[in-house]
Amino acid sequence: MQAFDSSSEQVARKIVVLGTGGTIAGLAAAAGDNLGYQAAQVGIAQLLQGVSSGSVDAIQTEQVAQIDSKDMDASVWRALAMRCAHWLADDSVQGIVITHGTDTLEETAYFLHATLAPAKPVVLTCAMRPANAAMPDGPQNLRDAMAVASTAGARGVLAVCAGVVHGAPDVRKVHAYRLDAFGSGDAGPIGYVEEGALRQVRDWPQAARACAPRQWPVTPEAWARVEIVTSHAGAGGALVQALVRDGVQGLVVAATGNGSVHHALEAALHQAQAAGVRVLRTSRCDQGRVMGAAAGALPHAGPLSPVKARIQLMLELMA
Ligand code: ASP
């Protein structure tokens, strides 16, 4: 690995690595403790030490945030999207790697997918064990992510974990503990990283649209407010009514099965829609999509999970 030198022109394969925190940068008080650790403790430059960079010519690091991704918010998304846009426009940059917590990785991936629609690879990676675990998974994930980011022709927002490459539209955290914690549902992964080489099994993710990162407000409170409510046995409308009174602009319902909603909750959602709140139905099932609609049904978000539909609606409300 060669340190980045700003005076060197025409670097062929420069990878920018942006740090945001997460377990990959976490530290446990005892090396054997994979659970009782603090996320987001180790800086991105230090995380890269000792990680072989394969065939990457140069690496530039930046610490964009240092948080547990359970606390992700719109201000970090804004900063991250703007740094990505900056580096993507640099001809000497082949791709970007982002280290991130696993908890909201799929949300950040979808946000960047919907806003940047990059023609270069933007690869999020993570870890399920802290950096000082007896057998950490972060270094291998980071190495695999760099291999994908430096693969000729790679494009779009991707996630790499446990040797599997997922596309931003499909990736979801599907396991709370396993190192191979992500899945791509029916779509399946984009490919696999094997001994530093990508074995691609389907096409790169296609982004539907892009909007300029700099249009967004700096403070998260100024972003469009979209909340998620869940349909379940015994669901009612009180939560929706309280959110409407509180000024919510959009509501995503994590509905049962193929987008069916408890009648009491559905009535409240129709009232919210009549009052000018945008409402979208999604499925709380891990796989599949919402298809078709009975006459008068609330609009649905097709294949988007509740958290991704929330991002889509938020961006539409701010467009
Ligand atoms: N809470 C951590 C985070 O999302 C979990 C992880 O990274 O695995 O930052």
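Being a predicted model, the structure only gives us computed values, none of them experimental. All ligand and atom numbering here is 1-based and tracks the order in the structure.
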With Thr256 via side-chain hydrogen bond (donor to acceptor under 3.5 Å, both in side chains) - residues at least two apart: Ser260

Distance (rounded to the nearest 0.5 Å) between Leu88 CG and Arg83 CZ: 11.0 Å

Close side-chain approach of Asn34 to Pro130, heavy-atom, < 4.5 Å: yes

Qualifying residues under side-chain hydrogen bond (donor to acceptor under 3.5 Å, both in side chains), relative to Ser231, sequence neighbours excluded: none

Residue list, ring-ring contact (aromatic ring centres under 6.0 Å, His included) with Phe182, at least two apart or on another chain: none

Within 6.0 Å of CD in Gln38, more than 12 heavy atoms from elsewhere: no

Write out each pair where an N or O from ligand 1 and one from the protein are under 3.5 Å apart, with the distance.
residue: ligand 1; atom: 1 (N); partner: Asp68; partner atom: OD1; Å: 2.7
residue: ligand 1; atom: 1 (N); partner: Asp68; partner atom: OD2; Å: 3.4
residue: ligand 1; atom: 1 (N); partner: Asp103; partner atom: OD2; Å: 2.7
residue: ligand 1; atom: 4 (O); partner: Ser69; partner atom: OG; Å: 2.5
residue: ligand 1; atom: 4 (O); partner: Thr102; partner atom: N; Å: 3.3
residue: ligand 1; atom: 4 (O); partner: Asp103; partner atom: N; Å: 3.0
residue: ligand 1; atom: 4 (O); partner: Asp103; partner atom: OD2; Å: 3.3
residue: ligand 1; atom: 7 (O); partner: Thr23; partner atom: N; Å: 3.0
residue: ligand 1; atom: 7 (O); partner: Thr23; partner atom: OG1; Å: 2.9
residue: ligand 1; atom: 7 (O); partner: Thr102; partner atom: N; Å: 2.8
residue: ligand 1; atom: 8 (O); partner: Thr23; partner atom: OG1; Å: 3.1
residue: ligand 1; atom: 8 (O); partner: Thr102; partner atom: OG1; Å: 2.4
residue: ligand 1; atom: 8 (O); partner: Ala127; partner atom: O; Å: 3.2
residue: ligand 1; atom: 9 (O); partner: Asp68; partner atom: OD1; Å: 3.1
residue: ligand 1; atom: 9 (O); partner: Ser69; partner atom: N; Å: 2.7

